Amino acid sequence: MTLHAPILDWYAEHNRDLPWRRQEATPWGILVSEIMLQQTPVVRVLPIWEEWLARWPTPESLAKEAPGEAVRHWGRLGYPRRALNLHACAKAITADFDGTVPATYDELRTLPGIGDYTAAAVASFAYGGRHVVLDTNVRRVLARAVRGEEFPPTATTAPERKLAESLIPAVDAPRWAVAVMELGALICTARAPRCADCPVAGRCQWLLTGKPAHDGPPRRGQTYAGTDRQCRGALLAVLRDSPGPVPKAALDAAWSNAEQRERALDGLLTDGLAELLDDDFYGLPT
DNA sequence: TAACCGTGGAC
DNA sequence: TGTCCAAGGTT
């Protein structure tokens with residue numbers, strides 16, 4: 001009934017050669033990758049990660065920069081507060097950890113923007129720690145293979161955590177974690193799983209019971225067009241694409257709905273993603 | 001707890 | 001074409 005050997009064997013043959021998985025990857029590079037990968041596909045992260053590590057190869061090098069530079073080079077990766085978080089991580093690592101990315105889960109959790117998953121991932125992948133690494137891929141694989149359900153619960157539950165904990169092998173826990181994640185990313189996908197290519201198809205409870213459809217509450221999909229988020233993105237793009245501060249009129253031209261525009265701008269200022277400078281000019285945080 | 005926080009590709 | 005979703009975190 002064990003899933004380990006088939007999944008580990010499958011991973012050995014089919015894993016992607018991602019730069020943050022290579023031997024020469026540093027803990028800092030791995031931390032940067034994990035934050036960039038939050039809710040963001042690998043293919044979009046790759047070029048930004050390469051540029052980022054070339055520009056800021058250490059926490060100290062990023063800590064010297066204005067936070068706005070981190071936001072600028074974040075480009076269009078999305079959720080730009082992650083760029084601020086990464087900059088704040090760099091400053092905290094430099095000030096409190098002597099420039100070295102901390103190795104323990106608890107220390108990592110003290111850093112901004114690092115929650116349960118990211119702390120476990122960095123402690124595992126950068127330092128070889130033994131942790132429950134529970135991301136959306138792992139949750140989906142376990143939901144299907146073990147629980148026989150198409151999708152995991154909306155929020156992570158104690159039984160899920162307990163199950164994942166029980167499956168961590170005695171040796172090389174990080175390899176197991178990355179292998180299950182990779183299986184979820186490449187084979188056991190959300191939309192159209194490639195069960196024909198799955199190494200545990202013969203022991204997947206969901207497949208063996210006829211792939212029953214998800215019967216829980218509908219998975220809420222949020223529209224994006226016309227939302228405050230889209231408006232914030234449009235305003236921030238103006239700031240990001242300008243080498244210096246821009247007049248308020250430049251922001252006004254980027255979004256027609258004035259009420260929404262002002263609300264979004266206030267949000268950006270509150271979040272520290274933008275600053276009001278002299279003469280009604282706005283810019284990235286300095 | 002559920003809403004909020006960007007963006008673009010796949011279907 | 002619009003919907004779904006991608007290595008989550010914070011409030």
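Predicted model only: the values in this text are computed from it and were never measured. Per chain, numbering begins at 1; letters A, B, ... match sequence-line order. Computed from heavy atoms alone, side chains included, the values below leave out hydrogens, waters and symmetry copies.
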Item to check | Strand contacts (DNA chain C) in residues 161-176 of chain A, 4.0 angstrom heavy-atom criterion | outcome: none
Checklist entry - Is A:Trp74 touching bases, backbone alone, or none of the nucleic acid, heavy atoms closer than 4.0 Å? => result nothing
Next on the checklist: Students often get this wrong, so: under 4.0 angstrom with heavy atoms, is A:Arg109 touching a base, only sugar-phosphate, or nothing?
Outcome noted: nothing
Next on the checklist: Does anything in residues 18-28 of chain A form a salt bridge (Lys or Arg N to Asp or Glu O under 4.0 Å)? List the pairs, not counting sequence neighbours.
Outcome noted: A:Asp17-A:Arg22, A:Arg21-A:Glu182
Checklist entry - On a whole-Å scale, what distance lies between the P atoms belonging to B:dC4 and C:dA7? => result 23 Å
Checklist entry - Between C:dT11 and B:dG6, how far is it from one P atom to the other, in whole Å? => result 14 Å
Under 3.5 Å, which N/O atoms of the protein pair with N/O atoms of nucleotides 8-11 of chain B?
from: B:dG8; atom 1: OP1; to: A:Arg76; atom 2: NE; distance (Å): 2.6
from: B:dG8; atom 1: OP2; to: A:Arg76; atom 2: NH2; distance (Å): 3.3

Next on the checklist: Taking the six-membered ring for Trp, are A:Trp74 and A:Trp52 closer than 6.0 Å centroid to centroid?
Outcome noted: yes
Item to check | Among C:dG8, C:dA7, B:dC5, the one nearest A:Asp228 by side-chain distance | outcome: B:dC5
Item to check | Ion pair check, A:Asp279 and A:Lys248, cut-off under 4.0 Å | outcome: no
Checklist entry - In terms of side-chain geometry, is the basic nitrogen of A:Asp271 or A:Arg81 positioned less than 4.0 Å from the acidic oxygen of its partner? => result yes
Checklist entry - Can you name the ring pair (Phe, Tyr, Trp, His ring centres under 6.0 Å) partners of A:Trp20, sequence neighbours left out? => result A:Trp49
Checklist outcome for this item: Contacts of A:Arg191 meeting side-chain contact (heavy atoms from CB on, under 4.5 Å) (sequence neighbours excluded), chain-then-number -> none
Checklist entry - Where along residues 110-124 of chain A does a heavy atom come under 4.0 Å from DNA chain B, residue by residue in number order? => result none
Next on the checklist: Within 45 degrees of the ring normal and closer than 6.0 Å to the centroid, is that where the cationic atom of A:Arg139 sits relative to A:Phe151?
Outcome noted: no
